[in-house]
Amino acid sequence: MNLIFFDNQARETLLPLTFTRPIADIRCGILTIREKWEKYFNITSTSITEDYLAEKFSLHIENENLLIAGNLFPNKYLIEAIHQLKLDEILVSENNIIAAKLSKNETENFSITKQYLKTVNFIGELKFLTKSHQIFSWNDVEIKSDFELITKGRTSSKLSATNRVVAAENIFVEEGAIIEHSILNAANSKMYFAKYSEVMEGCMIRGSFTLGEHSVLKLGAKIYGATTIGQHSKVGGEVNNCVIFGYSNKAHDGFMGNSVIGEWCNWGADTNNSNLKNNYEEVKLWNYQKNSFEKTELQFCGLIMADHSKCGINTMFNTGTVVGVSANIFGAGFPRNIIADFSWGGAQGTTTYQLDKAIETAKKVYERRGLNFNEMEQNIFATIFDKTQHLRK
């Protein structure tokens with residue numbers, strides 16, 4: 001069976017994180033949504049997404065294809081219902097298409113509003129990602145779920161005796177991970193350390209936590225669950241209930257709380273974000289779809305930062321700040337709590353981070369990882385730049 005994820009209307013409400021990826025490639029827990037499903041079905045997948053992303057996230061179609069909504073989290077009842085689908089049947093819940101088993105022709109002409117194929121109603125609980133703040137809000141539950149999925153029937157590598165450990169049975173260490181002279185409290189939680197990850201001396205980790213491949217916790221880091229650090233990242237200072245997708249650095253002291261950070265981001269030394277308003281009121285976040293602020297029903301909500309954004313030393317982010325793609329933020333004071341994609345500046349005002357300059361920076365960042373910010377990546381940047389011009393006004 002060929003597995004394909006399709007973007008739906010949630011893509012708009014998950015901006016700016018989905019400007020640079022299909023919904024299924026959002027990380028929540030240890031794994032991305034795509035990786036969760038791939039683990040269950042033991043197959044790889046592709047995506048139906050925006051035209052400007054299609055070259056990077058290419059679509060593969062076979063004679064029989066299983067299509068799943070990219071913002072849908074798996075559960076065993078849903079998986080059973082999907083397995084029971086017959087060819088050219090669609091699984092729906094409350095008139096929303098959640099999955100389909102389609103022939104090659106139907107897949108090539110797929111539309112999530114298609115009505116003439118046979119539908120099967122799913123009765124049961126479903127978990128859809130529709131808001132960016134759900135990513136850190138659900139992270140504890142998802143780390144625990146992914147932990148069971150990844151480690152079932154396997155044995156953890158042994159933790160070094162130099163560490164102080166509580167509830168070692170809740171910790172899984174992959175081969176090649178290095179953890180020395182640190183304190184790990186996994187009571188009522190799960191901790192997962194991927195291959196070739198490293199926890200430097202003096203780190204204190206409490207609650208559910210995952211450290212991705214080739215990622216590093218810097219000396220003396222203080223981590224509160226539930227926190228996810230994706231692959232190839234460096235993190236230090238104090239972090240509480242955050243999700244860092246991967247390839248991003250917060251290497252120095254400073255507080256990051258109740259936040260989501262995309263890929264290729266960098267926090268300057270002593271950068272902090274607020275996650276609680278002084279008057280303890282509900283936090284609002286910018287909604288790209290509505291072009292206005294929207295209530296989150298959360299008292300604790302920090303920062304949403306999209307891919308390729310950077311901030312200078314001592315940057316201060318206010319409660320409920322949204323930073324778009326490839327923004328460069330610096331200077332004293334609190335910037336606005338909506339910082340448009342390709343912005344340059346800070347609290348004293350912003351100008352446009354010109355596309356050629358932004359591409360030049362991205363090339364240098366990629367080169368440091370041995371990667372090429374090629375014409376395909378540049379075209380994605382150009383499209384996002386055009387799509388977000390109205391915000392920079």
_Taking the cut-offs as 6.0 angstrom to the six-membered ring centre and 45 degrees off its axis, would you call Lys127 and Phe73 a cation-pi pair?_
yes

_Would you compute the distance between atom CD1 of Ile313 and atom NE2 of His252 and round it to the nearest 0.5 angstrom?_
9.5 Å

*Just how far is it from atom CD1 of Ile82 to atom CD of Glu89, taken to the nearest 0.5 Å?*
13.0 Å

*How about Tyr353 and Phe385: are their ring centres within less than 6.0 Å of each other?*
no

*By ring pair (Phe, Tyr, Trp, His ring centres under 6.0 Å), which residues pair with His133, not counting sequence neighbours?*
none

*asked:* Do the side chains of Glu148 and Lys190 get close enough for a salt bridge, i.e. N-O under 4.0 angstrom?
replied: yes

_Parallel, tilted or perpendicular, as decided by the 30° and 60° cut-offs, for the rings of His308 and Trp264_ = parallel

*Apply the test side chain to side chain donor-acceptor pair (under 3.5 Å) to residues Asn266 and Tyr247: give CA-CA distance (whole Å), side-chain angles for both, the deciding distance (0.1 Å), then the verdict.*
CA-CA 9 Å; Asn266 189 71; Tyr247 295 97; over 6 Å; no

*Please lay out, stage by stage, how Gln289 and Arg11 fare under the test side chain to side chain donor-acceptor pair (under 3.5 Å).*
CA-CA 9 Å; Gln289 184 183 42; Arg11 182 184 179 275; over 6 Å; no

*asked:* Can you confirm whether or not the ring centre of Trp344 sits under 6.0 Å from the ring centre of Phe330?
replied: yes

*Does Glu175 CD have over 12 foreign heavy atoms under 6.0 Å away?*
no

_Sub-6.0 Å ring centroid separation between Phe122 and Tyr77_ = no

_Less than 4.0 angstrom from a charged side-chain N to a carboxylate O is my criterion; do Arg154 and Glu174 meet it?_
yes

_Can you tell me how the ring of Phe172 sits relative to the ring of Tyr192, calling it parallel under 30°, perpendicular over 60° and tilted otherwise?_
parallel

_Check: Thr227 side chain, Gly225 main-chain N or O, donor-acceptor pair, under 3.5 Å_ = no

*Check ion pair Glu64-Lys104 (N to O, under 4.0 angstrom)*: no

*Mind checking whether Tyr366 and Phe373 have parallel, tilted or perpendicular rings, split at 30° and 60°?*
perpendicular

*Do other residues, nucleotides or ligands put more than 12 heavy atoms under 6.0 Å from Lys222 NZ?*
no

*Would you mind telling me which of Lys195, Arg27, His214, Glu213 makes a side chain to side chain donor-acceptor pair (under 3.5 Å) with Gln231?*
Arg27

